[in-house]
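Have a look at the structure below before the remarks.
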Amino acid sequence: MVNVEAALLVGAGAFVAFAIVGLYRILQGPTMHDRVVAVNVVGTNTVIAIALVAGAYDNQMFLDIALVYALLNFLLSIAISKFSVEHGGVL
Amino acid sequence: MTPSVLEVVLLVFVLTSALGAALLKDTLAAVMAFAAYSLGISIIWVLLQAPDVGLTEAAVGAGVMTILLLIALANTVRPSEDQLFERVRPRTVLAVGAFVLVMGATVPALPAVGATDSPVGSGEVTDYYLDNAYEETEVHNAVTAVLAAYRGFDTLGEAVVVFVAGVATLTVLRTEAFA
């Protein structure tokens, strides 16, 4: 059982490492569209990492946080996309 | 306590995105780096077994802050970027580095995560709250009792700060309601 827990935590670490790759695109990304997609990728990786941590700690409440993040991630991408397409419109 | 793989990777992610949010020349890109920072720090809260703080971070850090900053950007002028990163003066780097060193020197004095002999876990004040919170305030949740009853004036002050900030925001945006 300890091995499963360690494997889940290492998996979460791997997804955060993927998020670092996405972070490179946020910082470097030549156009704004690269950055919007990169933020979305980072957010999705966050949701997966939190879900894996929830599995490792066997705590159901962490899954609620993952759900809230999945919703907010969507909202975030929509807001930034709308802002960059029609300057001034956010919501 | 040896840091796990996840903790090391998380710290690298959070520090990099924080530096990006501080140094990126284009303000919209800095807002996005800040959103990524907030996403990373939430995983740290979850790892530290503080799901309520993680939820607050999700709602405020990633959701409200980003949209608030975007509204602020929409009402100001965004200069066209000529370079990717802000130029930093060496003097600033020295000052910030010295500050980080001083703050980092206090870290070894903190009790370990989850230590039972820390002041929070074994102090008289904690025992007093846990023993007397329900009789004195008739609030079932001890944390709520401390926030709303024992530290009521403190919470009132925080509420005043939030109210003033909201009024100031409405004044700056020249509207009468958060639409």
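Lettering follows sequence order; numbering is per chain, from 1. Quantities reported herein were computed from a predicted structural model and do not represent experimental measurements.
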(Q) Surrounding CD of B:E135 (heavy atoms of other residues, nucleotides or ligands, distance under 6.0 Å), is the total greater than 12? (A) yes
Q. Checking A:V36 against chain B: side chain, backbone, both or neither under 4.5 Å from a heavy atom?
A. both
**Q.** Which portion of A:V42 sits near chain B, non-hydrogen atoms under 4.5 angstrom
**A.** both
**Q.** Under the ring pair (Phe, Tyr, Trp, His ring centres under 6.0 Å) test, residues paired with A:F18 that sit two or more places apart
**A.** A:F15
(Q) If you count every heavy atom of other residues, nucleotides or ligands that lies below 6.0 Å from A:D58 atom CG, does the total exceed 12? (A) no
(Q) Does any backbone or side-chain atom of B:L47 lie under 4.5 Å from a heavy atom of chain A? Answer side chain, backbone, both or neither. (A) both
Q) Is it true that a side-chain atom of B:T56 and a backbone atom of B:D52 form a donor plus acceptor pair closer than 3.5 Å? A) yes
Q. Which bit of A:L27 comes within less than 4.5 Å of chain B, counting heavy atoms only: side chain, backbone, both or neither?
A. both
Side-chain atoms of residues 147-166 of chain B: list all donor-acceptor pairs with protein atoms under 3.5 Å, sequence neighbours left out, distances to 0.1 Å.
unit_1, atom_1, unit_2, atom_2, d
B:Y150, OH, B:E136, OE1, 2.8
B:T155, OG1, B:L147, O, 2.5
B:T155, OG1, B:R151, O, 3.1

Q.
Between A:L76 and chain B, with a heavy-atom cut-off of 4.5 Å, which part of the residue counts as in contact: side chain, backbone, both or neither?
A. side chain
**Q.** Max heavy-atom pair count under 4.5 Å with chain A, selected residue of B:S17, B:A21, B:G54
**A.** B:S17
Q. Distance from A:T46 atom OG1 to A:L72 atom CG, nearest 0.5 Å?
A. 11.5 Å
Q. Checking heavy atoms, do the side chain of B:L24, its backbone, both or neither come under 4.5 Å from chain A?
A. side chain
Q: Heavy-atom distances under 4.5 Å only: say whether A:V16 touches chain B with side chain, backbone, both or neither.
A: both
